[in-house]
Number of protein chains: 2
Amino acid sequence: MFNEINTPIRTIMTPGPVEAHPNVLRVMSTPILGQFDPAFLAIMDEVKEMIKIPFGTKNEQAFAIDGTSRSGLEAALIGLIEPGDKVLIPAYGRFAYLLGEICERAKAQVTYLEKAWDSVFEQDAIIAEIKRVNPKIVALVHGETANGQMQPLEKIGKFCQANDVFFVVDTVATYGGAPVKVDEWGIDIAIAGTQKCVSVPSGLSLITYNERVEKVLTARYQKELGLSKDFRNERHISSNYLDLSQLQRYWNKERINHHTESTSMIYALHEGLRMMIQEGIENGYERHSQNDRAIQAGIEAMGLFIFGDRTTKMPTVTPILIPEGVDGDAVRNTLLHDFGVEIASSFGPLQGKVWRIGNMGFSSRKENVLHVLAAFEAALLFHGAAIHRGEAVLAALNEYNK
Amino acid sequence: MFNEINTPIRTIMTPGPVEAHPNVLRVMSTPILGQFDPAFLAIMDEVKEMIKIPFGTKNEQAFAIDGTSRSGLEAALIGLIEPGDKVLIPAYGRFAYLLGEICERAKAQVTYLEKAWDSVFEQDAIIAEIKRVNPKIVALVHGETANGQMQPLEKIGKFCQANDVFFVVDTVATYGGAPVKVDEWGIDIAIAGTQKCVSVPSGLSLITYNERVEKVLTARYQKELGLSKDFRNERHISSNYLDLSQLQRYWNKERINHHTESTSMIYALHEGLRMMIQEGIENGYERHSQNDRAIQAGIEAMGLFIFGDRTTKMPTVTPILIPEGVDGDAVRNTLLHDFGVEIASSFGPLQGKVWRIGNMGFSSRKENVLHVLAAFEAALLFHGAAIHRGEAVLAALNEYNK
């Protein structure tokens, strides 16, 4: 027979999912409301407004999609792409290729601008490639969790806006942990998730887009056959579930019956965003930065090396080179099974080469940082790594007391 | 500023979402685990096995998709459909047209077999149409919540299996509330949701499929570009997010990193299914039937009429004709705002013509039925309906004491 779940407690210092805020966990126990109950619609309306704050936007459209982060990426891209459209994807890490995968499946003509994963692009290099390729859409990742790099965006966005190119940005790994300025940077669609710096379990994607995008969606809107047999549109979006033109009409006044909103996850999102706003978005960035500095100080005090360009490092991920002769997975297993601490491996060319310590949302706390450094040092020593003993935690503590 | 949510308590007697089981609400407060934490993978494995039980299947493949019910419908259909494929959709209610919408967007050639919404098809009529159209896929809805009708399936399924036609069935509104027998009835893919008879909040879709479908998915599998640049497939599925060939490899041994599983919703699903299994699936059907009989007895005792063919009525929905001269929405508003009771209106040709009382999952309880009937009688009288007074609740109580 099946018993009730009985889970171990973990210190989750991966680049997502991270520990949910206790208030978020609590609010999910609230009895549910019907999807069109006025009391629920009021909660949805507040969520829309709160989503905008960490996006740095005054866009009319901002809402949640009932799927994990990549459902929002797909909704954004297929909302804009029609077969044959040109998309430029500057790639400096794994998730650029997820954007590419989605675009290729939408029958876009995709051009990749590629580089090694250890740093970001000069913005001018991307702008030069936009001029050469002349795409309808530029899609890129703000913060690449695979390698911990964060791409500056403001010049690219301004160029796109001036040249009628759509600028789609994946902010899943930065939203709430590092500044994202959708309006100031000229981003047309930005996408985030709940399972990282929002401190909400995975399961929703957050999206905002401006009037340029709304115009495209309006031109492509097709009413669902079950609601009207007459409102057909040849340019309709390829998916029904991820059709932004319908989702928008579900989250706004029209309230079309598109799907049954994920009530408890919306409660969770409401509380997660509220906690972020209550802390102060800027204070949240400072907390992430401070914990990031402490992690880096601790790692370097052990004599380990941090991967990639430090001037463009994300505050929310620290990739650490696995020393020669150390079994990276064995260290992670000791951390998980003996200390209850989870850190991550990586993908593609970095698989087996770096560990990644995440620093996101509710997991980004001083005691977590200190605990992880102490556990990491012990696990490394246990597996025979030649590191400096007794330095890491002290270095972090000193960083906090500067 | 934004305050914490403060929701009213509702008696939810709609055809979904319904009241979540209290144990389900509670388990969602469990701290989360990482998506590849062995402790979480063990929970996923149990969920796979439990999903199969109300589906009545020994299929190897059964898992959850991180989206509401219609995400599963879309995943099922786009997993099978390639452009130009013929799909036959017998339509006796609204949700058949949702299947059609999804198939049309997938560029299938769709034939509808249509009828009035007051009854289901003779199975032989559908079989005759399959012979005429010769489709690759027959897709239909087991229980149509819009009109409360439930289509017998076993002859259709057997014919499809014998003739190499794929049989895709939407069991969203019946799974757990009425018998669903995937293996016995010859269903190739069945799809359900969480927000109805599973007593879990909306946000996950449940799916099972057999080896015939697995073969198609294997032939269409394409590895994600972010994980491998070499594994391309011209026949790949149109969506990345709803790609069953990838999802299957996330839920099985391969454990590809497709998305970040919705931890808390999986906890909820585990508990919801566990409660169903603990009650006994057959006992659950009997509970739904008994409460359905009580609702019908109460409604008829008031002198109201139940819409549609009673011999094929779903036990989980009762559509009630709105009497001449009564404002259906006004009655529903009184129920919601004065009694905290939610019942539903309907769609399409039935909009404004019927109310629908749902009877699903944890909402399907004797005290809910009695409370709703009492409230409904009072609300009808308050709005001037000419009904028999003081009969409804007694008729239901007598039904329970037969």
Side-chain angles (χ1 to χ4, degrees), chain A residues 2 4-5 7-10 12 14 16-17 19-20 25-35 37 39 43 46 50 66-68 70-71 74 94-95 97-98 100-102 105 195 201-203 224-226 236 238-242 259-265 267 270-271 274 277 342 347, chain B residues 2 4-5 7-10 12 14 16-17 19-20 25-35 37 39 43 46 50 66-68 70-71 74 94-95 97-98 100-102 105 195 201-203 224-226 236 238-242 259-265 267 270-271 274 277 342 347:
Chain A
F2 299 97
E4 54 192 333
I5 63 167
T7 61
I9 293 295
R10 306 294 197 201
I12 308 181
T14 66
E19 298 169 24
L25 292 176
R26 215 163 54 209
V27 81
M28 279 192 284
S29 296
T30 309
I32 74 161
L33 290 166
Q35 67 184 114
D37 192 311
I43 292 170
E46 287 196 349
M50 286 196 280
D66 287 3
T68 67
R70 65 172 61 196
S71 72
E74 185 160 325
R94 170 189 169 186
F95 286 99
Y97 296 99
L98 171 59
E101 177 83 22
I102 294 167
R105 290 190 186 213
Q195 80 284 9
S202 182
E224 195 175 300
L225 213 46
H236 69 73
S238 55
S239 167
N240 166 271
Y241 189 67
L242 298 176
H259 63 277
T260 302
E261 190 53 42
S262 181
T263 327
S264 304
M265 285 299 297
Y267 293 171
H270 186 281
E271 188 64 8
R274 211 175 67 84
I277 294 164
E342 191 185 3
F347 308 105
Chain B
F2 299 96
E4 54 193 332
I5 63 166
T7 61
I9 293 295
R10 306 293 199 202
I12 309 182
T14 65
E19 299 169 23
L25 292 176
R26 216 163 52 208
V27 81
M28 279 192 284
S29 294
T30 310
I32 73 160
L33 289 167
Q35 69 186 118
D37 193 311
I43 293 170
E46 287 197 349
M50 288 196 280
D66 286 3
T68 67
R70 67 171 60 195
S71 72
E74 186 160 325
R94 169 190 170 186
F95 286 99
Y97 296 99
L98 171 59
E101 177 82 23
I102 294 167
R105 290 190 186 214
Q195 79 283 8
S202 181
E224 195 175 300
L225 214 45
H236 69 73
S238 55
S239 168
N240 167 271
Y241 189 68
L242 298 176
H259 64 276
T260 302
E261 190 53 42
S262 182
T263 327
S264 305
M265 286 298 297
Y267 292 172
H270 186 281
E271 189 64 8
R274 212 175 65 86
I277 294 163
E342 191 184 3
F347 307 105

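Note that these values count all heavy atoms, side chains included, but never hydrogens, waters or copies made by symmetry. Just so it is clear: chains get the letters A, B, ... in the order the sequence lines come, proteins before strands, and each one is counted from 1.
The backbone N or O of B/Ser262 sits less than 3.5 Å from a side-chain atom of B/Asp66, completing a donor-acceptor pair. In terms of modelled atom types and a separation under 3.5 Å, the side chain of B/Tyr267 and the main chain of B/Ser29 share no donor-acceptor contact.
Contact of B/Ile32 with chain A is made through backbone and side chain together, with heavy-atom distances under 4.5 Å. The parts of A/Glu4 that come within reach of chain B are both its backbone and its side chain, each placing non-hydrogen atoms under 4.5 angstrom from that chain. For chain A, the nearby part of B/Ile9 is the side chain; its heavy atoms alone come within less than 4.5 Å. With a 4.5 angstrom heavy-atom cutoff, B/Arg94 touches chain A via backbone and side-chain atoms both. With a 4.5 angstrom heavy-atom cutoff, A/Leu33 touches chain B via backbone and side-chain atoms both. Only the side chain of A/Phe347 comes within less than 4.5 Å of a heavy atom in chain B; its backbone stays farther off.
Between A/Arg70 and A/Glu74 there is no salt bridge, since none of the side-chain N atoms of the basic residue sits less than 4.0 Å from a carboxylate O of the acidic one.
Most heavy-atom pairs under 4.5 Å with chain A, from the set B/Thr263, B/Ile102, B/Thr30, B/Thr14: that is B/Thr30. By number of non-hydrogen pairs under 4.5 angstrom with chain A, the leading residue of B/Ser238, B/Gly16, B/Gly203, B/Ser239 is B/Ser239. Each of B/Ala20, B/Gly34, B/Gly100 has some count of heavy-atom pairs under 4.5 Å with chain A, and the biggest count is that of B/Gly34. Here B/Glu224 is the residue among B/His259, B/Arg10, B/His236, B/Glu224 with the most heavy-atom pairs under 4.5 Å with chain A. Ranked by heavy-atom pairs under 4.5 Å with chain B, the first of A/Glu342, A/His270, A/Glu271 is A/His270. Chosen from B/Thr7, B/Thr68, B/Ile277, B/Ile12, the residue pairing most often with chain A at heavy-atom distances under 4.5 Å is B/Thr68. Contacts with chain B were tallied for A/Glu261, A/Arg26, A/Met50; A/Met50 has the most, counting heavy-atom pairs under 4.5 Å. When the candidates B/Ala39, B/Pro8, B/Ser71, B/Pro201 are compared by the number of heavy-atom contacts under 4.5 Å with chain A, B/Ser71 comes out ahead.
Proximity of B/Pro17 to A/Gln35: side-chain heavy atoms (C-beta onward) are separated by under 4.5 Å at one or more points.
The two residues A/Ser264 and B/Met28 make their nearest non-hydrogen contact at OG-CE, 3.7 Å.
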